[in-house]
**Student:** 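This is the structure I want to talk about, given as structure tokens.
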Amino acid sequence: MAAKKNGELMRLDKLCKIYLMGEEKLYALRDVNLVIKRGEFMSILGPSGSGKSTLLHILGLLDKPTAGEIYLDGVEAHGLTESKRALLRGRKIGFIFQMFNLIPSLTVLENVMLPAVIYERDKEEARKRAVLILKTIGMDDRMAHYPNQLSGGQRQRAAIARALINDPEIILADEPTGNLDTKTGKEVLKMFHDLHKQGKTIIIVTHDADVAKITQRTIRVVDGKIEKR
């Protein structure tokens, strides 16, 4: 078992992800080695099909590698069962997606509360925390609205609030400005800056070099490999 290094939050060792296409093997990721330190603000940059989204899913424990090892806060996450991986994911990681992934039949408040309810947090405490977060990001007047009643920027703010409900240490954002206009995109990126100042580890996956420029470190993914840097 690998020892947890000082300041190290996540580590990938010789990680591969292979998909079978008939008899052919498709390497989405190949021999990826990466260390992410606690409190980093970083981006994963690459074109469509480069493997960056696959890398995000593995970092977020949404998918398992075909080979190699992934450690999260010293835990050998690659060997966990799905249920144990889900528990670790719920405690440690918040997700923000390009398409927002809000549930249309739930109000903003209910959407934000949902991850806490799923992980069996006290419902009333979850509601209080959701209200507080929505007030903090200027969405308190939209709590009773449904996603189809919101602008793109408001939907992304709701998605960010949902990602924060369990107070995760890590925020993973997949193309978070991809469906936003320039002005709203800048507002969302400022929110990430503010979250980083609060001590969150922020990882943004993007194909946009201008978005990557706002982060402290950029990892470039090409054909399933991390470019030497």
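Numbering of residues begins at 1 and proceeds along the displayed sequence.
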**Student:** Side chains of Leu59 and Ile44, heavy atoms from C-beta outward: is any pair under 4.5 Å?
**Tutor:** yes
**Student:** Between Ile170 and Met10, is there a side-chain heavy-atom distance shorter than 4.5 Å?
**Tutor:** yes
**Student:** If hydrophobic clusters are built from ILVMFWY residues whose side chains come within less than 4.5 Å, do Leu34 and Ile93 share one?
**Tutor:** yes
**Student:** Are any of the side-chain heavy atoms of Asn33 and Ile226 separated by less than 4.5 Å?
**Tutor:** no
**Student:** Are Asp174 and Ser53 side-chain neighbours, meaning at least one heavy-atom pair lies under 4.5 Å?
**Tutor:** yes
**Student:** Below 4.0 angstrom, N of the basic side chain to O of the carboxylate: do Lys183 and Glu187 qualify?
**Tutor:** yes
**Student:** So, taking the atom named CG in Leu55 and the one named CG in Leu15, what distance separates them when rounded to the nearest 0.5 Å?
**Tutor:** 7.5 Å
**Student:** Return the minimal non-hydrogen interatomic distance between Cys16 and Asp31, and the atom names on each side.
**Tutor:** SG-N, 3.3 Å
**Student:** According to salt bridge (Lys or Arg N to Asp or Glu O under 4.0 Å), does anything in residues 136-146 pair up with another residue at least two apart or in another chain? List the pairs.
**Tutor:** none
**Student:** How close do Leu172 and Gly60 get, counting heavy atoms only, and between which atoms?
**Tutor:** CD1-CA, 3.3 Å
**Student:** I need the minimum non-hydrogen distance between Gly153 and Leu180, along with the two atoms involved.
**Tutor:** N-CD2, 3.8 Å
**Student:** With distance as the sole test, does His57 use its side chain to make a donor-acceptor pair with the main-chain N or O of Leu62 at under 3.5 Å?
**Tutor:** no
**Student:** Sorted by first residue and then second, give each salt bridge (Lys or Arg N to Asp or Glu O under 4.0 Å) pair with at least one member in residues 88-107; sequence neighbours left out.
**Tutor:** Asp73-Lys92, Glu82-Arg89, Lys92-Glu169
**Student:** Taking only Lys NZ, Arg NE, NH1 and NH2, and the carboxylate oxygens of Asp or Glu, determine whether Lys200 and Asp167 approach each other closer than 4.0 Å.
**Tutor:** yes
**Student:** His193: what forms a ring-ring contact (aromatic ring centres under 6.0 Å, His included) with it, not counting sequence neighbours?
**Tutor:** Phe41
**Student:** Please find the pair of heavy atoms, one from Gln98 and one from Asn179, that lie closest to each other, and give the distance.
**Tutor:** O-ND2, 3.1 Å
**Student:** Is the charged tip of Lys17 near the ring of Tyr19: under 6.0 Å from the six-membered ring centre and within 45° of its axis?
**Tutor:** yes
**Student:** Is there side-chain contact between Pro176 and Ile204, with at least one heavy-atom pair below 4.5 Å?
**Tutor:** yes
**Student:** Is any side-chain heavy atom of Asn101 closer than 4.5 Å to one of Phe95?
**Tutor:** no
**Student:** For a 4.5 angstrom cut-off between non-hydrogen side-chain atoms, does Asp194 reach Lys190?
**Tutor:** yes
**Student:** Which heavy atom of Lys64 sits nearest a heavy atom of Leu80, and at what distance?
**Tutor:** NZ-O, 3.5 Å
**Student:** Test of understanding: clusters of I, L, V, M, F, W, Y form through side-chain heavy atoms closer than 4.5 Å, transitively. Do Val112 and Val131 belong to the same one?
**Tutor:** yes
**Student:** Quick check on the hydrophobic clustering: are Leu150 and Tyr146 connected, directly or via other members, by side-chain heavy-atom contacts under 4.5 Å?
**Tutor:** no
**Student:** Check for me, please, whether Leu45 and Phe97 land in the same ILVMFWY cluster - side-chain distances under 4.5 Å, paths through other members count.
**Tutor:** no
**Student:** Roughly how far, to the nearest 0.5 Å, is OG of Ser105 from CD of Glu110?
**Tutor:** 8.0 Å
**Student:** Determine whether Ile103 and Ile118 fall in the same hydrophobic cluster, where Ile, Leu, Val, Met, Phe, Trp and Tyr are linked whenever their side-chain heavy atoms lie under 4.5 Å apart.
**Tutor:** yes
**Student:** Taking all non-hydrogen atoms of both residues, which atom of Val108 and which atom of Ala158 are closest, and how far apart?
**Tutor:** CG1-CB, 4.1 Å
**Student:** Report yes if the side chains of Glu76 and Glu69 come closer than 4.5 Å at any heavy-atom pair, otherwise no.
**Tutor:** no
**Student:** How long is the straight-line distance from CD1 of Ile219 back to NZ of Lys52, given to the nearest 0.5 Å?
**Tutor:** 14.5 Å
